[in-house]
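Structure first, commentary second.
Letters A, B, ... are given to chains in the order of the sequence lines, protein chains preceding strands, and every chain is numbered from 1.
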Number of protein chains: 2
Amino acid sequence: MNIESDKQQFRMTRQRKVILEELRKVTSHPTADQVYEMVRKRLPRISLATVYRNLETLSAAGEVLKLEVSGTQRRYDGDTSEHHHARCAMCGSVIDIPAKAFPMPKIPSEAIEGFDISGYRLELTGLCQDCRTTKAV
Amino acid sequence: MNIESDKQQFRMTRQRKVILEELRKVTSHPTADQVYEMVRKRLPRISLATVYRNLETLSAAGEVLKLEVSGTQRRYDGDTSEHHHARCAMCGSVIDIPAKAFPMPKIPSEAIEGFDISGYRLELTGLCQDCRTTKAV
DNA sequence: GTCTCTGCAAAATGTTTGCACTCAT
DNA sequence: ATGAGTGCAAACATTTTGCAGAGAC
């Protein structure tokens, strides 16, 4: 096997570049179709399938995070640094929580009950500021 | 409005009873169609829609938990006591982790960055015993 | 008898895939 | 020039819903 064989395989297409740029711009954790709408303003002929494929590719490459939060739709995050997510029970929006605002216990190095833990995913729930100040429903 | 008006509205139909019984029997966090298969052995004519409707009703009533774990399908848990879940990265199975095996920090009473936290959902990831002992893939 | 619940089928939702063409390398 | 990437449409998987009839209360 060639030493060069594991070089960059991804082609930075216009679509991929714009998707990544738009995702990096926002902190709103958009769904695939929200990304589609954002990107469509710059590339009107892009298809939703391309958005899905690129979000998959970019998350596999570690450029964006694929979030598995509550709700029916998957969400994507352009910020790959360590942080938690909080989801508003009322409006469903997802905001970032800095890791140090809610420090997690260390993962035990020994297996818990036969399960070897390597990581965790924490989703906080509650009410966002908007929904709290607009309590009157 | 009548003082009696908020009495029990749920009818304990045969279908609902069997679904609850089957879910209480297992610790495997089955998906809706797995529940369907379990229940079908006792009620061959039940429909998948009825299973979905009853899982919804039972979770709204607090009798079972509707889990929002990673993956494409929703899972249900007949055990409503406090515990975490760990999902095997290899086979996708979900097991229970007792709350005291992985104690969580207290939720700060003050809002974090404008977000009023009321709860959390923790999903541990790693390898289950089966997949660890069968490392050779 | 009333009104919730059921089974069935059809619809809705979110995501993935096959294919011929395009374009980054 | 090559093959990864694209747009389109169609397929797919999961969940929800409309409706007429059944059954719990």
Closest to the side chain of A/T50, out of D/dG23, D/dT15, D/dG7, is D/dG7
Per atom distances to the A/S47 side chain, the nearest of D/dC8, D/dT15, D/dG5 is D/dC8
D/dA22 phosphate, OP1 or OP2, under 4.0 Å from B/R14 side-chain N/O:
no
| request: Would you tell me if any nitrogen or oxygen in the side chain of A/T13 comes within less than 4.0 Å of OP1 or OP2 on D/dA4? | output: no
Is it true that [X] and [Y] make a salt bridge, defined as a side-chain N closer than 4.0 Å to a carboxylate O?
X	Y	value
B/R42	B/E21	yes
B/E37	B/R40	yes
A/E56	A/R53	no

Heavy-atom donor-acceptor pair, [X] side chain to [Y] backbone, under 3.5 Å:
X	Y	answer
A/R74	A/K66	no
A/R16	A/T50	no
A/R121	B/R121	no

In whole Å, what is the span from the [atom1] atom of [X] to the [atom2] atom of [N]?
X	N	atom1	atom2	value
B/L55	D/dT16	CG	C1'	13 Å
B/N54	D/dG23	CG	P	15 Å
B/R75	D/dT15	CZ	P	11 Å
B/R45	D/dA22	CZ	C1'	12 Å
A/L43	D/dC8	CG	P	12 Å
B/Q34	D/dT14	CD	C1'	13 Å
B/D33	D/dT16	CG	P	13 Å
B/Q73	D/dT16	CD	P	12 Å

ask   = Using a cut-off of 4.0 Å on non-hydrogen atoms, how would the nucleic acid contact of B/R16 be classed: base, sugar-phosphate, or nothing?
value = sugar-phosphate
Sugar-phosphate only, base, or nothing, as touched by A/E56 at under 4.0 Å among non-hydrogen atoms
nothing
Heavy-atom nearest nucleotide on DNA chain D taken for B/Q15 and for B/K66; more 5' hit belongs to B/K66
Next item on the list: Test B/E63 against B/L20 for side-chain contact (heavy atoms from CB on, under 4.5 Å), laying out the working first.
Entry: CA-CA 8 Å; B/E63 294 292 325; B/L20 184 54; 4.2 Å; yes
- Task: Measure up the A/H29 and A/H83 rings against each other and bin them: parallel (under 30°), tilted (30 to 60°), perpendicular (over 60°).
- Result: tilted
Per the under-4.0 Å heavy-atom filter, residues of residues 17-26 of chain A near DNA chain D come out as none
Output for pair (A/I46 CD1, A/Y36 OH), nearest 0.5 Å, gives 8.5 Å
So the contacted stretch of DNA chain C, first to last nucleotide with an atom under 4.0 Å from a non-hydrogen atom of chain A, runs from C/dG14 to C/dT25
Side chain to side chain contact (heavy atoms under 4.5 Å, CB included) with A/H85: of A/L124, A/D96, A/T125, only one passes, and it is A/D96
